[in-house]
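Read through the structure below, which is laid out as structure tokens, and then see the notes.
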2 protein chains.
Amino acid sequence: MTIQLYDLAGQDDDCRFSPHCWRVKMALAHKGLAFEALPWRFTEKDAIAESGQGQVPVLRDGDRLVHESWQIADYLDEAYPERPPLFEGPQARAHALMIRHWAQRSLHPAVVQVIMPELFEALHEKDKPYFRESREALFGKTLEAFAGDRDEKLANLGKALAPLRDTVKLQPYLGGEAPSFADFIVFGAFQWARAVCPVALVAEDDPVHAWRGRLMEAYDGLAAKAKGFPV
Amino acid sequence: MTIQLYDLAGQDDDCRFSPHCWRVKMALAHKGLAFEALPWRFTEKDAIAESGQGQVPVLRDGDRLVHESWQIADYLDEAYPERPPLFEGPQARAHALMIRHWAQRSLHPAVVQVIMPELFEALHEKDKPYFRESREALFGKTLEAFAGDRDEKLANLGKALAPLRDTVKLQPYLGGEAPSFADFIVFGAFQWARAVCPVALVAEDDPVHAWRGRLMEAYDGLAAKAKGFPV
């Protein structure tokens, strides 16, 4: 049976914006594994209740149900060791954990400041009350308070991206000559934005733009072909 | 002939504060290589002129002269492949490059905000004019402008450390179960502070404190035995 992935969707079934689900879709493509990405909404907790929690990504592979993108990456490397690895070894995996936490602590907060107005609008109507309540509690402010000077927010994002920029000036991918799961972790944030927001996160002459472009075109253009804004 | 390292020193020969030199000293210890760390001052450009540039670390191993900590790490893994690796493979090395740039873009600027007054005082008198001129140009402000609310600066450092904190909650070292050169890169910033400044960078119950403690005691306490404040 084909691998199935519960994949967050917006009002439109084709709007697949979850950065965490993008980590997994890129990982599946990297390993050359066919999969079906099932649209799922925040409030469809019953559909994934079997996973013992309420968030996606949730991956079903035959009898196995695995949730959370890092655990899914580990599962894929363990279950499919003959396919291209997401982590080349324990130290590469350990270092990627730091990149994961950089993405979550520095990158995601800077991106969400830019895209929040459009992100909220892209949601399925039935998800909006849940999203508003959970995110306003998480951020400690109203969604409306995210409106504001977008140029300033983009400048902050530009600063947050400095370590990534410095790195992809020196090598094509975070993984070196080929992408690793660390690339997919960071790239997920760019697909999150592209799916919902027409604003370019980086300038075309930014080395980050070129790195993102390489990942957009990888795996037969999986990411480039996904519905999103041409930014 | 024993490996020699030109190692930045302060007014006191035993005050070895360079974060970049600490990366290399930890790397040499990790590989079990004996070395002599020669005190060097910013203005002693002639002593290292043979390296073709004017900054330390500079490492002399027989006929070979290698400068810059990342290049020295590569040299050590290439020249001593039978000894414990600094990088377990190309992908581990590639990921560490991102951690290096995180250290340089996020960690070092936050640390220098805290320690600048004491750092300047610790310098050799003959280095002070050079340091003032070069750093005031680099930071675009006077050294005196670094004075200010240290609690606020420590709070900013605490936020900058979030990705490291999250990571060492989950594994003992950035390298996983054992330290890698990524650990030494980040740890260098803590030895920089400890050599010159009596202020604790993190609280004792911070997971970063425990991680730092493991590295302080590693390699027969190389870092713990170095002259510094008991913080």
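Proteins come first, then strands; the chains are lettered A, B, ... in the order of their sequence lines, and each starts at number 1. Quick caveat, the model's predicted, so the values are computed rather than measured.
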B/I99 versus chain A, the contacting section by heavy-atom distance below 4.5 Å: side chain
Close side-chain approach of A/D166 to B/Q104, heavy-atom, < 4.5 Å: no
B/K159 atom NZ, neighbour heavy-atom count above 12 within 6.0 Å: no
Gap between atom CG of A/D183 and atom CE of B/M98 - 0.5 Å precision: 10.0 Å
Contact class of B/Q171 relative to chain A, heavy atoms under 4.5 angstrom: side chain
Contact check, side chains of B/H95 and A/S180, non-hydrogen atoms, under 4.5 Å: yes
Where A/T167 and B/L97 come nearest, the two heavy atoms and their spacing: OG1-O, 3.8 Å
Most contacts with chain A, counted as non-hydrogen pairs under 4.5 angstrom, among B/A182, B/A178, B/G89, B/A162: B/A162
Heavy-atom side-chain proximity of A/P90 to B/E177 below 4.5 angstrom: no
Residue pair B/L164, A/H101: steps toward the side chain to side chain contact (heavy atoms under 4.5 Å, CB included) verdict: CA-CA 8 Å; B/L164 174 64; A/H101 290 284; over 6 Å; no
From CD (A/E88) to CD (B/E88), nearest 0.5 Å: 11.5 Å
